[in-house]
Amino acid sequence: MKKGLPDIKKDFSAWYTQVVNRAGLADYGPVKGTMVIKPYGYQLWENIKEIFDKMIKDSGHVNAYFPLFIPKSFLAKEAEHIEGFAKECAVVTHTRLKSDDGQGVIVDPESKLDEEIIVRPTSETVIWSMYKKWIQSHRDLPLLINQWANVVRWEMRTRLFLRTSEFLWQEGHTAHETSEEAKKETLEILEQYRCLAENYLAIPVFTGLKTESEKFAGAELTYCIEAMMGDKRALQAGTSHYLGQNFAKAFNVTFQTKDNKEEFVWATSWGVSTRLIGAVILTHGDEKGLQLPPKVAPIQVVIVPIVKNDIQIKMIEDFIEPILKELKNKKIRTHVDWSNSSPGYKFNDWEMKGVPIRMEVGPRDIEEDKVVLVRRDNKEKTVVTKTDSVNRIDMFLNEIQNNLFNKALAFRNNNTHIVSNYDDFKKVINEGGFVRCGWNGAKDTESKIKEETKATIRCIPFDENPDELKCIISGEVAKHEVIFAKAY
RNA sequence: CGGAGCGUGGCGCAGCCCGGUAGCGCACCACAAUGGGGUUGUGGGGGUCGCAGGUUCAAAUCCUGUCGCUCCGACCA
């Protein structure tokens, strides 16, 4: 029987794989590198999606849907952009199969396409080809469109949620009259990402700017939220790009200004993906499995009845009925586990699935008109009267949400070190953790450090203070204070 | 594309050297007891041993070919 998980401290990677599997979040698809998101995992994604969808709609964005297929020629229009994605594009070359003498099917050579089609690795190009048609005047701006979609990037090494060949995300693509406005949009979205990560997923993030070599291909500036995972490695959790006029120029998208001039449009794009689920797992998980922040947990309270016979089943049903009703009124997502495993099995199972609160109800409790509440985050058991139970649950859910964030924040702070010499730098990177230090801003120092330590610049944080700092490796005057880490 | 390994019920494996009626654990189904931290017992269902060919009276086992997968080195949200 499968019991304990691999040791989270010793074998984080095996731990992760097993948690994803045993919590019922996802499974491998038949094509290498693909992922099936199972109902429990998908509910988590739906909750995240709902929250962010509301945020962007409240800030004036609308959803639309653009095609999966992109003409190959589109990708050539933005030189840097193609550089970034060329190596991982799935290409459609034929449109038909035919039967191979009853021995299965083969690609029908007759059906070869004149112009091959790319499966979108991201949608800038299709979207800008359409924006060209839609934008004439400053009155058409700003154009604030988002889409929820799947994209395909043919990856060599994949891991469920963190890197799969196909993944789900949202991609926002906006067009503006001025550079300032586009930059403002980029930063406003980044702030929404920070809010999503910190206030809902309980994941503390660093916000900042990517370096030239780490930024999105085709962007002028890439901002990001970077989080620290339980193994002290960094995970890029979301990016927001200021695209300047790159795509407007590539697709010749101009507009007529108020004073009757023709100008190229200014653009942004931004995205978060199902990778956020990986971030939640890797941030909050523990030796018992998953821990889900209450605000996004598919099930916030699981009720485990402890029963000996049919009569007791009926008693418990009656006993919890008013509680269930009240929980429902408060919109607390609840599940009663009537399956016939033993209570001990259920306890472990729901802990694996990361449900924030477990309620145990058995004959002893009914007799005293009480229930037992057990918190997933600190394992505390509380016996409360039936009347108090829902209020306590409400309170606990809030506390757990905050507690998860605070724990993650403390962990990140404890593992983020300010260093001033390269030996200390290497020591921290080697033992795991983030390093804050000076950098001279040169590409070659960045790549030298990557080569020597595997650490990359995760971002130039907004709260940087490079004054009086020296570059960690060259010793020159630092241009920026940056955060280095090994990344996923 | 280079290096290592693996294909046997759903999953994990044994059996292979030394050919002889396909086995174990988990999961699954049924019944009963149990039930407050992974509970037992009894009974049951399920596999052309990756595929193709060869050797042999006989192949999961030996030989040849073939296909697929996993892991490790050049990418990335």
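Since we're looking at a predicted model, the values are computed, not measured. We name chains A, B, ... by the order of the sequence lines, and we start the count at 1 in each one.
Between R153(A) and E166(A), none of the side-chain N atoms (NZ, or NE/NH1/NH2) sits under 4.0 Å from a carboxylate O, so this pair counts as no salt bridge.
Between G38(B), A77(B), G37(B), one nucleotide has an atom nearer to the side chain of K288(A) than all others, and that is G37(B).
One finds no side-chain N or O of K87(A) lying less than 4.0 angstrom from the OP1 or OP2 phosphate oxygen of C75(B). An OP1 or OP2 oxygen of A77(B) is reached within less than 4.0 angstrom by no side-chain nitrogen or oxygen of S273(A).
Base pairing analysis places C18(B) opposite nothing; no Watson-Crick or G-U wobble pair with both distances below 3.5 Å involves it. Figure legend. U61(B) is base-paired to no nucleotide; pairs are counted as Watson-Crick or G-U wobble with both atom distances under 3.5 Å. Across all strands shown, C24(B) is found opposite G12(B) as a Watson-Crick or G-U wobble partner, with both distances under 3.5 Å. Searching all strands for a Watson-Crick or G-U wobble partner of U66(B) with both distances below 3.5 Å returns G50(B). Shown here, A30(B) forms a base pair with U42(B); the pair counts as Watson-Crick or G-U wobble because both key distances fall under 3.5 Å.
G15(B) and A59(B): their C1' atoms are spaced 14 Å apart (whole Å).
Note on K379(A): nothing from the nucleic acid sits closer than 4.0 angstrom, heavy atoms only. As judged by a 4.0 angstrom heavy-atom cut-off over every strand, S341(A) is placed among the base-contacting residues. At the heavy-atom level, T164(A) lies under 4.0 Å from base atoms of the strands shown. G84(A) comes within 4.0 angstrom of the backbone, heavy atoms only, and of no base. Here K381(A) lies in heavy-atom contact (under 4.0 Å) with a base. Within 4.0 Å of G271(A), counting heavy atoms only, lies no atom of the nucleic acid at all. Within 4.0 Å of F167(A), counting heavy atoms only, lies at least one base atom of the nucleic acid. Within 4.0 Å (heavy atoms only), L162(A) reaches at least one base atom of the nucleic acid. Looking at heavy-atom distances under 4.0 Å, E360(A) makes contact with a base.
Between A487(A) and V372(A), the one whose closest nucleotide on RNA chain B sits nearer the 5' end is V372(A). Mapped onto RNA chain B by nearest heavy atom, M352(A) and K346(A) fall at different nucleotides, with K346(A) at the one closer to the 5' end.
The side-chain tip of K386(A) points at the ring of F319(A) from less than 6.0 angstrom away and within 45° of straight on. Figure legend: cation-pi geometry between K49(A) and W148(A), with NZ or CZ positioned under 6.0 Å from the six-membered ring centre and within 45° of its axis. Both the sub-6.0 Å distance and the 45° axial angle are not jointly satisfied by R458(A) relative to the ring of F206(A). Stacking of K353(A) on the aromatic ring of Y40(A) is recorded, both the 6.0 Å distance cut-off and the 45° axial limit being met.
The base of G38(B) lies outside donor-acceptor range of the side chain of D349(A), with no N or O pair under 3.5 Å. A donor and an acceptor atom never sit less than 3.5 Å apart when one is taken from the side chain of R358(A) and the other from the base of G36(B).
Rounded to whole Å, the distance from NZ on K215(A) to P on C75(B) is 18 Å. Put simply, CD on E351(A) is 14 Å from P on G36(B), counting in whole angstrom units. Rounded to an integer number of Å, the gap from I303(A) CD1 to G36(B) C1' is 16 Å. One atom, CZ of R159(A), and another, C1' of C71(B), lie 13 Å apart when rounded to the nearest Å.
When each of E124(A), H241(A), H173(A) is tested with S269(A) by the rule side-chain hydrogen bond (donor to acceptor under 3.5 Å, both in side chains), just one qualifies, namely E124(A).
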